[in-house]
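I have placed the structure first, in the form of structure tokens, so that the comments after it can refer back to it.
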Amino acid sequence: MHWKVIRLTEVNSTNDYARKIAEEVPEGTVVVAKRQTSGRGRKGRNWASPEGGLWMTAILKPMASPEHVPKLVFVGALAVVDTLAKYGIPTELKWPNDVLVGGKKIAGILSECKLHHFALLGIGLNVNNDIPEELKETAVSMKDLLGRKVNLDEILQRVLRALSYWYSLFRSGRHYEILDAVRRRSAVIGRRVRILENGDVMLEGVALDVDESGALLVETEEGVQRVIYGDVSLRFS
Ligand code: ATP
Ligand code: BTN
């Protein structure tokens, strides 16, 4: 993939900026901002994005059939996993969209799409940024783990290189290899989980697997349930 990087000093959200330009720019355009004033996670939840982190959105035009598009989030997550491995940082994936180190969130992926037009792969990775006090229990940065700052541009280049690899698998229909990597990295499979929707527990059971569509299979008392990641949150029980 030939990436073309647009660098911004400050933006509300790189995903929002990317959405505005997505129809006019070629696939592979990447929006990177030093800081975001309203970085967001899923369902509009706030994503802390002070200077020092990697806040980026890749504009992709996958032309895959719609059923595959939800798996793009794994392409982003695996690119982060590979990048952190280069620094000796072992990661786990918390289905569907978080990258954890020792149980704490180091990165989150926000994928959004306009079907048949474009997909936006937003990646937020805590690199040299300070973690806000109220998130210190649940979030961590590369700086915290390594005890030193790392070159942000080097991180960006590594993420893009890894994205090229995983996205090339996605584009050539090698979804199985992506899912296999996700399963191997999963912090969730084999664990007891609760699935919440709008704060209410929707179901509880043992996570069995991620199926070929990217959905999580959970064994509950009523049998195996398939959870599509749309609007749900996962909690460990
Ligand atoms: P959770 O399980 O934490 O609710 P989620 O996956 O359901 O996560 P998301 O929308 O994916 O929710 O992530 C947003 C949440 O991530 C925020 O509510 C906040 O708790 C946390 N968060 C915000 N900024 C950061 C950050 N820079 N690093 C790590 N975690 C963050
Ligand atoms: C999550 O865990 O819910 C996903 C967080 C995604 C954050 C990134 S930072 C770059 C891009 N722009 C945003 O506003 N969000 C994503």
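Ligands are counted one by one from 1 in listed order, and the atoms in each one are counted from 1 as well. The basis for the numbers below is simple: all heavy atoms, side chains too, and nothing from hydrogens, waters or symmetry mates.
Counting only heavy atoms of the protein, atom 12 (O) of ligand 1 lies nearest to Arg45 NH2, 3.0 Å. In terms of protein heavy atoms, atom 8 (C) of ligand 2 is closest to Gly124 N, 3.5 Å. With respect to atom 6 (C) of ligand 2, the closest heavy atom belonging to the protein is Gly108 O, 3.5 Å. Ranking the protein heavy atoms by distance from atom 11 (O) of ligand 1 puts Asn97 ND2, 3.3 Å first. Shortest contact from atom 5 (C) of ligand 2 to any protein heavy atom: Trp47 CE3, 3.5 Å. Of the protein's non-hydrogen atoms, the one nearest atom 31 (C) of ligand 1 is Trp47 CZ3, 3.4 Å. Remark: minimum distance from atom 29 (C) of ligand 1 to any protein heavy atom is reached at Ala139 CB, 3.3 Å. Closest to atom 12 (N) of ligand 2 among all protein heavy atoms lies Gln36 OE1, 2.9 Å. Among all protein heavy atoms, the one lying closest to atom 10 (C) of ligand 2 is Thr14 OG1, 3.3 Å. At the top of the distance list for atom 23 (C) of ligand 1, counting protein heavy atoms only, stands Asn46 O, 3.3 Å. Of all protein heavy atoms, the one closest to atom 15 (N) of ligand 2 is Arg40 O, 2.8 Å.
A salt bridge links Glu23 with Lys114; the closest basic N to acidic carboxylate O contact falls under 4.0 Å. A salt bridge is absent between Asp144 and Lys136; no separation between the charged side-chain nitrogens and carboxylate oxygens falls under 4.0 Å. At a threshold of 4.0 Å, the pair Glu112-Arg19 counts as salt-bridged, since one of the basic side-chain nitrogens sits closer than that to a carboxylate oxygen. Using a cut-off of 4.0 Å between Lys/Arg side-chain N and Asp/Glu carboxylate O, Arg185 and Glu92 are scored as not salt-bridged. Ion pair Arg40/Asp16 flagged as a salt bridge, since at least one NZ, NE, NH1 or NH2 atom sits closer than 4.0 Å to an Asp/Glu carboxylate oxygen.
Atom NE2 of His2 has 12 or fewer neighbouring heavy atoms from other residues, nucleotides or ligands inside a 6.0 Å radius. Within a 6.0 Å sphere centred on CZ of Arg161, other residues, nucleotides and ligands contribute 12 heavy atoms or fewer. Within a 6.0 Å sphere centred on CD of Glu24, heavy atoms belonging to other residues, nucleotides or ligands number more than 12. Counting non-hydrogen atoms of neighbouring residues, nucleotides and ligands closer than 6.0 angstrom, the CD atom of Glu221 reaches no more than 12 such neighbours. Around the NZ atom of Lys61, the shell of radius 6.0 Å holds more than 12 heavy atoms that belong to other residues, nucleotides or ligands. No more than 12 heavy atoms of other residues, nucleotides or ligands sit less than 6.0 Å from atom CD of Glu219.
A heavy-atom separation below 4.0 Å is found between Lys94 and ligand 1. The shortest separation from a heavy atom of Ser49 to ligand 2 is not under 4.0 Å, leaving the residue out of contact. Residue-ligand proximity: Lys105 is placed with a non-hydrogen atom under 4.0 Å from ligand 2.
Of all atoms in ligand 2, numbered sequentially from 1 with element shown, those under 4.0 Å from a heavy atom of Met56 are 10 (C), 11 (C). Short contacts between ligand 2 and Gly41, defined as distances under 4.0 Å to a heavy atom of the residue, involve ligand atoms 1 (C), 3 (O), 4 (C), 5 (C). Numbered from 1 in the order shown, with element, the atoms of ligand 1 that lie under 4.0 Å from a heavy atom of Asp98 read 6 (O), 8 (O), 11 (O). Those atoms of ligand 1 that come under 4.0 Å of a heavy atom in Ser233, given as number and element, are 7 (O). In summary, the atoms of ligand 2 found under 4.0 Å from a heavy atom of Gly39, numbered by their order in the structure, are 14 (O). Contact atoms of ligand 2 toward Asp98: 2 (O) (distance under 4.0 Å to a heavy atom of the residue). Taking every non-hydrogen atom of Ile109 and a distance limit under 4.0 Å, the qualifying atoms of ligand 2 come out as 4 (C).
Contacts of Leu135 with ligand 1, taken as heavy-atom pairs under 4.0 Å, involve the side chain alone. Contacts of Asp16 with ligand 2, taken as heavy-atom pairs under 4.0 Å, are absent altogether. Neither the backbone nor the side chain of Ile131 has a heavy atom within less than 4.0 Å of ligand 1.
Distances from atom 28 (N) of ligand 1 to the heavy atoms of Val140, Thr138, Asn126 show the closest one on Asn126. The closest heavy-atom contact to atom 1 (C) of ligand 2, among the options Leu110, Val31, Asn97, comes from Asn97.
At least one N/O-N/O distance between Arg235 and ligand 1 falls below 3.5 Å. Any N or O atom pair closer than 3.5 Å counts here, and Lys105 shares at least one such pair with ligand 1. For Ala48, a nitrogen or oxygen atom sits less than 3.5 Å from a nitrogen or oxygen atom of ligand 1, counting backbone and side chain alike.
Screening Leu121, Ile123, Leu160 against Val30 for a side-chain contact (heavy atoms from CB on, under 4.5 Å) leaves a single residue, Leu160.
In terms of heavy-atom proximity, Leu146 sits nearest to Tyr87 at CD2-O, 3.7 Å. Considering all non-hydrogen atoms of both residues, Asn151 and Asp153 come closest at OD1-N, 2.8 Å.
In this structure the side chain of Pro70 never reaches within 4.5 angstrom of the side chain of His68, judged on heavy atoms.
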Pair Tyr165-Phe170, side chain to side chain contact (heavy atoms under 4.5 Å, CB included): steps then yes or no: CA-CA 9 Å; Tyr165 171 71; Phe170 182 92; over 6 Å; no
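Within the 3.5 Å criterion, the main-chain N or O of Ile195 finds no donor-acceptor partner in the side chain of Glu204.
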